Amino acid sequence: MAAVQPRKPTSDAEAICEAVTRPTMRFVPVKSAERQAALLDHKARDFLVRQRTQIVNAIRTHLGEFGVVVAKGIHNVDRLLDAACDMPDPALPALDMLSDQLRDTQARIEEVTARIGEMQGEDALARRLATVPGVCQSAPKFDPLSASKTDPSGSTGSWPEAA
């Protein structure tokens, strides 16, 4: 295994000078504060969606320890929360806490999604990108906590079909 050499400021400076003097070197423009704020909203939404997934998986795991199995998928959250209500009394406070956290996280996702939608309406580049298939799928119109339950025909209510 090779030893990693520590970085030296002089080497960094040499590399920067070399890069700047090249005629074919292209530079990335500095982002505006507005563009950086928009990116922050997208990153925050992505983080919240991952948190929501973790909470749902935690509830599913805890219910599994009691022998309750609910199908995977965010569209099965209603069934998952219904099953949580039938747990023994000592388990209810923890499950209630996780359910409340799930509802709070979903509300925050909706808030950020609305903000992203407003910014998209004001930004010509964002509107143009939204017309590209597969690019702007970060804001689904789905609320897993108030979605209709699966009917016998297999329909999942308002859940968008997977592409």
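The structure displayed is predicted, hence computed values, not measured ones.
- To the nearest 0.5 Å, atom OG1 of residue T105 and atom CG of residue D100 are 10.5 Å apart.
- In terms of the side chain to side chain donor-acceptor pair (under 3.5 Å) criterion, residue partners of R115 (sequence neighbours excluded) are, by chain and number, D41.
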What side-chain donor-acceptor pairs closer than 3.5 Å can you find for residues 30-37, not counting sequence neighbours?
residue : atom : partner : partner atom : Å
S32     : OG   : R35     : N            : 3.1
R35     : NH1  : D123    : OD2          : 2.8

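- To the nearest 0.5 angstrom, L48 atom CG is 9.0 Å from E111 atom CD.
- Using a 4.5 Å cut-off on side-chain heavy atoms (C-beta onward), M87 and D96 make no contact.
- For the side-chain contact (heavy atoms from CB on, under 4.5 Å) with I55, the qualifying choice from R103, Q106, Q101 is Q101, the only one to do so.
- For D12, the salt bridge (Lys or Arg N to Asp or Glu O under 4.0 Å) criterion is met by R7, not counting sequence neighbours.
- Listed by chain and residue number, R45, R52, I109 satisfy the side-chain contact (heavy atoms from CB on, under 4.5 Å) test with V49 (two or more places apart in sequence, or in another chain).
- Residues L63 and I59 are in side-chain contact: their nearest non-hydrogen atoms beyond the backbone lie under 4.5 Å apart.
- Within the 4.5 Å cutoff, the side chain of I74 has heavy atoms near those of the V77 side chain.
- Hydrophobic clustering of Ile, Leu, Val, Met, Phe, Trp and Tyr side chains at less than 4.5 Å, counting indirect connections, unites F66 with L92.
- Scanning for salt bridge (Lys or Arg N to Asp or Glu O under 4.0 Å) contacts around R50 gives D46, with sequence neighbours left out.
- Legend: side-chain hydrogen bond (donor to acceptor under 3.5 Å, both in side chains) pairs involving residues 57-69, not counting sequence neighbours, sorted by first then second residue: N57-R60.
- Looking only at side-chain heavy atoms (C-beta outward), L129 and Q120 stay at 4.5 Å or farther from each other.
- For the atom pair CD (Q54) and CG (L98), the distance works out to 11.5 Å, reported to the nearest 0.5 Å.
- Residue K72 comes nearest to N76 through the heavy atom pair O-ND2, 2.8 Å, listed as atom of the first residue, atom of the second, then distance.
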